[in-house]
J.: 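Below is one structure. I have some questions about it.
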Amino acid sequence: MIVATWNVNSINARQEHAVDWLKSAAPDVVCLQEIKTVDEKFPHDIFRQLGYETVSFGQKTYNGVAILSKLPMSEVRRGFEADVADHPRRFISANIGGIEIINTYVPNGQMVGSEKYEYKLRWLADFKKHLEDTRSSANKILWCGDFNIAPEDLDVYDAAAYGQQIMCSPAERNALTEIRAWGLDDAFRITNKEGGHYSWWDYRMGAFRRNHGFRIDHIWVSSALSGNCQKAWIDKAPRKLEKPSDHAPVLTELSL
DNA sequence: ATGGTGGATGGTCCA
């Protein structure tokens, strides 16, 4: 079973790329972030025609997440905090084939020390509490999405310049470390030890052409699943197209 | 030079 995560930066702008990529990569489960549209306007029918069930938790203009799955989905959960009508839509989870799939769009944080940065850290603490209060790391759990954090210096093209900046700062990395300690591991790092692999490149300054990237999109698995991770990889092909998302899909193959 | 690119939107905000 192949599970993928992809920040599409608007499903409306990226629908054609998404359809073409699903046909070629043929993942079984795809977690999307930044769909930037409401559930009524999400192209459910387009993906159903490709053999996927779809669930979404979207909002106008910003954020929004969705899961596409060739296998049936159950126990769909939208949001993990007390329901607030206008709360940013960054979380959707479902049980797929006995695996608890959790798809999140972690806040960007904008700049270290800003209000948005404090919100990012709060959000990560709240997410950890969600795991502690409602889940068991003894179960098969797969957490994926745009984490907006590069876990280590080797996940950044220029750690000397960016090691203390947003997506890399110690407090953010510590927040991730605490979630890891609850019982999750980076699927990509199970089979890839070297640096230089990135999932996001800024649209500006020719960052992709110069491979000025960050590995901020992730698939993390509980120990009950980590042994099933055959491989994990980043598919840069969609990032090379005209009008791409600024993120590339990340995938893992699980033997089940 | 305080820039640069892209999406949603219809002013800017967000990334």
Side-chain angles (χ1 to χ4, degrees), chain A residues 5-21 30-44 46 56-66 79 84-92 103-124 127 144-151 155-158 161-169 171-173 175-176 198-218 234 236-250:
Chain A
T5 178
W6 190 13
N7 180 324
V8 291
N9 187 16
S10 166
I11 193 59
N12 184 45
R14 224 66 61 202
Q15 182 177 310
E16 193 176 331
H17 283 17
V19 166
D20 290 347
W21 185 75
V30 184
C31 294
L32 302 176
Q33 302 87 40
E34 281 207 276
I35 62 174
K36 291 187 172 178
T37 192
V38 294
D39 298 330
E40 295 73 28
K41 292 184 178 176
F42 185 82
H44 297 278
I46 298 292
S56 65
F57 190 44
Q59 68 184 91
K60 189 179 175 187
T61 309
Y62 303 118
N63 312 309
V65 286
V84 178
D86 60 352
H87 195 278
R89 297 187 160 183
R90 301 178 174 278
F91 176 108
I92 190 168
N103 173 22
T104 66
Y105 174 48
V106 176
N108 171 280
Q110 191 175 55
M111 182 182 289
V112 173
S114 67
E115 277 187 29
K116 289 188 173 69
Y117 180 73
E118 296 304 322
Y119 167 64
K120 181 181 195 174
L121 296 178
R122 264 202 319 280
W123 192 97
L124 288 163
F127 177 70
C144 69
D146 178 358
F147 290 14
N148 264 315
I149 300 172
D155 299 314
V156 184
Y157 80 95
D158 187 348
Y162 291 97
Q164 305 296 315
Q165 306 289 323
I166 197 67
M167 301 190 291
C168 306
S169 71
E172 297 169 68
R173 287 177 171 172
L176 267 195
Y198 310 126
S199 65
W200 175 82
W201 301 259
D202 200 301
Y203 283 124
R204 296 166 289 190
M205 307 299 287
F208 184 68
R209 176 176 52 77
R210 298 149 77 182
N211 200 25
H212 287 183
F214 295 71
R215 194 175 70 88
I216 60 172
D217 300 271
H218 304 287
I234 299 167
K236 291 168 74 170
R239 188 64 177 79
K240 299 172 181 172
L241 302 173
E242 290 293 316
K243 289 279 181 185
S245 167
D246 42 353
H247 296 254
V250 180

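Computed from heavy atoms alone, side chains included, the values below leave out hydrogens, waters and symmetry copies. Below, chains carry the letters A, B, ... as their sequence lines are ordered, and counting in each starts from 1.
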J.: Relative to the ring of A:Tyr198, is the ring of A:Trp201 parallel (under 30°), tilted (30 to 60°) or perpendicular (over 60°)?
T.: perpendicular
J.: If we only count heavy atoms from C-beta on, is the A:Asn12 to A:Thr37 side-chain gap below 4.5 Å?
T.: no
J.: Residues two or more places apart in sequence or in another chain: which of them pass ring pair (Phe, Tyr, Trp, His ring centres under 6.0 Å) with A:Tyr117?
T.: none
J.: Find which nucleotide of DNA chain B each of A:Ile11 and A:Asp246 is nearest to by heavy atoms, and output the residue with the more 5' nucleotide.
T.: A:Ile11
J.: Any salt bridge (charged side-chain N to carboxylate O under 4.0 Å, His left out) pairs touching residues 107-124 of chain A, not counting sequence neighbours?
T.: A:Lys120-A:Glu172
J.: Would you say that A:Phe42 contacts A:Leu32 through its side chain, given a criterion of any heavy-atom pair below 4.5 Å between the two side chains?
T.: yes
J.: Let's see if you get this right: which residues in residues 207-215 of chain A place a heavy atom under 4.0 Å from DNA chain B?
T.: none
J.: Report the secondary structure of DNA chain B in dot-bracket form, marking unpaired bases with a dot and bases paired to a different strand with |, and treating Watson-Crick or G-U pairs with both distances under 3.5 Å as paired.
T.: ....((((...))))
J.: Are there over 12 heavy-atom neighbours, none belonging to A:Tyr162, within less than 6.0 Å of that residue's OH?
T.: no
J.: If you walk 5' to 3' along DNA chain B, what is the first nucleotide with an atom under 4.0 Å of a heavy atom in chain A, and what is the last?
T.: B:dG4 to B:dA15
J.: Taking A:Asn148 for its side chain and A:Val106 for its backbone only, find out whether a donor-acceptor pair lies under 3.5 Å.
T.: yes
J.: Are more than 12 heavy atoms from other residues, nucleotides or ligands located less than 6.0 Å from atom CD of A:Glu16?
T.: no
J.: Using atom P in both nucleotides, what's the gap between B:dA1 and B:dG11 to the nearest angstrom?
T.: 31 Å
J.: Can you tell me, in whole Å, how much space there is between the P of B:dG3 and that of B:dC13?
T.: 14 Å
J.: Students often mix this up, so state it plainly: with edges at 30° and 60°, are the rings of A:His212 and A:Tyr157 parallel, tilted or perpendicular?
T.: parallel
J.: Both A:Asn9 and A:His247 contact DNA chain B. Which one's nearest nucleotide lies toward the 5' end?
T.: A:Asn9
J.: C1' atom, B:dT9 versus B:dA15: distance in rounded Å?
T.: 15 Å
J.: Is the shortest heavy-atom distance from the side chain of A:Asn9 to the side chain of A:Tyr203 under 4.5 Å?
T.: yes
J.: Select base, sugar-phosphate, or nothing to describe what A:Asn148 touches, counting heavy atoms under 4.0 Å on all strands.
T.: nothing
J.: Going by the rule ring pair (Phe, Tyr, Trp, His ring centres under 6.0 Å), which residues pair with A:Phe147 if we only count those two or more places apart in sequence or in a different chain?
T.: A:Trp143, A:His218, A:Trp220
